[in-house]
Asks: 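I am attaching a structure below and will ask some questions about it afterwards.
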Number of protein chains: 4
Amino acid sequence: MARAPVAQLPTKADPAPRGRKRERILDAAIRVFARRGYHGARVSDIAAEAGIAYGLVYHYFKNKDELLDTIFEERWNAFLAVVERIVAGPESSAEKLRAVAALILFAYRRHPDWVKVLVFEIGRSSRFSEPEQIRAVGRLFQAVARIVRAGQESGELREDLDAELACLAFIGALETMITSQVLGVMQLPGAGEDAEAEAVRTVVELFLGGLAPRGRP
Amino acid sequence: MARAPVAQLPTKADPAPRGRKRERILDAAIRVFARRGYHGARVSDIAAEAGIAYGLVYHYFKNKDELLDTIFEERWNAFLAVVERIVAGPESSAEKLRAVAALILFAYRRHPDWVKVLVFEIGRSSRFSEPEQIRAVGRLFQAVARIVRAGQESGELREDLDAELACLAFIGALETMITSQVLGVMQLPGAGEDAEAEAVRTVVELFLGGLAPRGRP
Amino acid sequence: MARAPVAQLPTKADPAPRGRKRERILDAAIRVFARRGYHGARVSDIAAEAGIAYGLVYHYFKNKDELLDTIFEERWNAFLAVVERIVAGPESSAEKLRAVAALILFAYRRHPDWVKVLVFEIGRSSRFSEPEQIRAVGRLFQAVARIVRAGQESGELREDLDAELACLAFIGALETMITSQVLGVMQLPGAGEDAEAEAVRTVVELFLGGLAPRGRP
Amino acid sequence: MARAPVAQLPTKADPAPRGRKRERILDAAIRVFARRGYHGARVSDIAAEAGIAYGLVYHYFKNKDELLDTIFEERWNAFLAVVERIVAGPESSAEKLRAVAALILFAYRRHPDWVKVLVFEIGRSSRFSEPEQIRAVGRLFQAVARIVRAGQESGELREDLDAELACLAFIGALETMITSQVLGVMQLPGAGEDAEAEAVRTVVELFLGGLAPRGRP
DNA sequence: CATGAATGAGCGTTCATTCAT
DNA sequence: GATGAATGAACGCTCATTCAT
């Protein structure tokens, strides 16, 4: 459904038609950043990956930084748009949280490079300290927090926990699951789609029901 | 008690006595890495922070990389030792999880530089891909997973959620809370010790009881 | 005739036209290596001598080592080609040996820097131990040895001396004459062209006729 | 006979008794210079080879340069003394030349490290340009030249070749034979002592009798 | 004598960025 | 638009040398 903006991300099968050099460069940058990290990626690597001369990168982007910024802005905004649409929907809070979890983990399976860059290169260190990017990431937390607050107001969710702290935990749980898959820290149960579904279930169940058996008050 | 190895971390009030240059360098490196990130930190910055000639760094460490590796190994192992002691204790699973959460968030309040380096410079970026470091981090997850599994076996915790997935979520929640504080993504309720206590409560409550009110199955 | 490749070596009078930067760099490197030795030559010296930014050196060559290797390969092969042509000619062995001696000593007078680098920086120490370079130098010895062996087979030269040992002596005599001129160890008779001619005569005469007077058996 | 000064050079079997640190350092330096070249040899390598702390090197020698200079002076002078004794002897010129050739090639077989350092590190490279060292090497040439001149005056050797050029050729032939053995450029006939004897015979025969058969004028 | 911690000049190399073509 | 030659700031690292102990 709302996956259109995500689906337009680069795929080997869709190598961007000639002439759209700018997109070619961005896609190449995502791949190279994912592979070598921002600092390890040379502008010439990106150009080579895009099949162009590296001087051309500077026609479309002011500098290497702007590449990362652009990736972040364009892709993150597209991603946020989907999240906001989920938030604005008529479903229950539980349903919305499940949708957000599924969106994030699905995005990773479909576009691992995209997610790696986001998580490892942007959600990181000094560049991330820039207020603009912090605010952008804050919008994700606020969106999830709105789901939680709405649930609390409607009585669907308990009110004695801070909505913002709770949503930090929610996003953090998802991020760590992705990280562990990227790095192979742990073997997750199942594989591919199955692992993803199980991860979604676990996070949502945990988040809503907790680990303690229901029998205990 | 078990905080001895942690407590000996640098404090402005304790500028390390003469002769312990190696420690001075490591402490300086932690501070500079925390401030500027690994790539942004020049060896000469670290030497200046330690108040020594930069050549001396190479007397004690093979290269800049080894600085980070050493920090990781020495500090992370000290940290893990405390976690393992918690795991081995006689308390209930809930108590142990609370203790781990408190340990992590307390460590951040007391040694923010240490934690920043760990989370931002080691837990991300390519250097983390090295098997040795992945295994080291894996030990943390395994430790927490053991707490969860023990709880599941004793009936204290529900058994229909995968222990490892659950502990990924648990650690992830804590990491994101720290990150959000470092970057100021969100204003957490309270401040200092209070904020920390509230964060611990939220994560543990969420993890154990979930967001859904107890009344609902 | 066959001196084309040699003749294109740098001369102050021929500062190499714009665009042929690679050649400019190699020529500059030869001059600086000759003046200060490989270890004493800074990359920035070479760049300054070539009138370019030192970064450009790395555009054309992988590193400082490759400069020396390239000089060796390109120039040595050009030199060897001339030697091989002499070997293949129809002249007597004595004539060929005289031609080789003249070639070597003439090359030094015309291109002293070239020869200095070859003799002092390449025919030296660790870099010279690389099999590829040893083999390249071996080709010179083999070429001269072929002249000697042919002379022995035709009866022009005596057969009771090993051809390879003999040619080692031949080349060694010439090399030492060059060295003594470079370093001014000894005052050679005559000057410039005359000294060269006398050196050629002495080496060839010695090599063919020996120091002992013909009258003595 | 006159080999005493040479024979006192270091041998694995005679590791210099305790206390004679200065000699230990010099011997170690010779070994390390021979193995890695002057530039490639660190002062700490030499100290390690000598089994002492590297600071001690500076008690006995002003700096690294002085090590090489000392090796050169002490060993070269000892070597020269033997040569001068040969020159002063009552033998024929031919006998003396044979003795010099044998001395040089024998020295290499017995003390290859010593010879390598002399030929590769001192006989080349810029340090050799220092007048003092040039003069020292010049003394060897002058000694051999004196043998030749004496032979010419007594009628034992032909007079139409310049004595100094001739002795350059003589020494050069010997040096190249050593070099070719060090580097393995060529397979010499025989092995060890035999190869050496054959080399001596070839150089002396060549030098005295030439390659052309006696029958031809 | 002996040690090795401490210093810092010096240099090779990388790579983002500019710009003439 | 497109290319890649050209530039040079920046930085990691080596290692000879000094000196307190």
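In what follows, every chain begins at residue 1, and chains take the letters A, B, ... in the order their sequences are listed.
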Asks: Per the atom types in the model, does the base of F:dA5 pair as donor or acceptor with the side chain of A:Tyr54 at under 3.5 Å?
Replies: yes
Asks: Roughly how many Å is it from NE2 in D:His39 to P in F:dA16, rounded to a whole number?
Replies: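 It works out to 10 Å between those atoms.
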Asks: Taking CZ from D:Arg20 and P from E:dC1, how many angstroms apart are they, rounded to a whole number?
Replies: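 So the two atoms are 14 Å apart, to the nearest Å.
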Asks: Tell me, please, which residues at least two apart from C:Tyr54 pass side chain to side chain contact (heavy atoms under 4.5 Å, CB included).
Replies: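 In terms of side chain to side chain contact (heavy atoms under 4.5 Å, CB included), with neighbours along the sequence ignored, C:Tyr54 is linked to C:Val43, C:Ala47.
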Asks: Considering only NZ, NE, NH1 and NH2 on the basic side and carboxylate oxygens on the acidic side, decide whether A:Glu49 and A:Arg35 come within less than 4.0 Å.
Replies: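 Salt bridge between A:Glu49 and A:Arg35, a charged N being under 4.0 Å from a carboxylate O: yes.
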Asks: Does F:dA2 have OP1 or OP2 sitting under 4.0 Å from an N or O in the side chain of A:Lys21?
Replies: yes
Asks: Closest approach to the side chain of B:Ile52, judged atom by atom: which nucleotide of F:dT3, E:dT7, E:dT13 is it?
Replies: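 So the nucleotide nearest the side chain must be E:dT7.
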Asks: Distances under 3.5 Å between protein N/O atoms and the N/O atoms of nucleotides 19-21 of chain F, please, pair by pair.
Replies:
none

Asks: Output the single nucleotide from E:dG12, F:dA6, E:dT3 whose closest atom is nearest the side chain of C:Arg42.
Replies: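 Minimum distance to the C:Arg42 side chain belongs to E:dG12.
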Asks: For a quick check of understanding: with a heavy-atom distance under 4.0 Å over all strands, which category does D:Ala47 fall into, base, sugar-phosphate or nothing?
Replies: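 Answer is nothing: D:Ala47 stays at 4.0 Å or more from every strand.
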Asks: Could I get the full list of side chain to side chain donor-acceptor pair (under 3.5 Å) partners for D:Glu74, not counting sequence neighbours?
Replies: D:Arg22
Asks: As a check on the pairing definition, encode DNA chain F in dot-bracket form, counting Watson-Crick and G-U wobble pairs whose two distances are under 3.5 Å, and using | for partners outside this strand.
Replies: .||||||||||||||||||||
Asks: The criterion is side chain to side chain donor-acceptor pair (under 3.5 Å); which residues satisfy it with A:Arg135, sequence neighbours excluded?
Replies: none
Asks: Calculate the interatomic distance between A:Leu56 atom CG and F:dG1 atom P; express it in whole Å.
Replies: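 The distance from CG of A:Leu56 to P of F:dG1 comes to 7 Å, rounded to the nearest Å.
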Asks: Taking for each residue the nucleotide of DNA chain F bearing the nearest heavy atom, is the 5' side occupied by C:Ala53 or by A:Gly51?
Replies: A:Gly51
Asks: Among all residues two or more places apart in sequence or in another chain, which pass the side chain to side chain contact (heavy atoms under 4.5 Å, CB included) test with B:Asp113?
Replies: B:Ile30, B:Arg31, B:Ala34, B:Lys116
Asks: Nearest-nucleotide wise, let me know which of B:Ser44 and C:Val57 is further upstream toward the 5' end of DNA chain F.
Replies: C:Val57
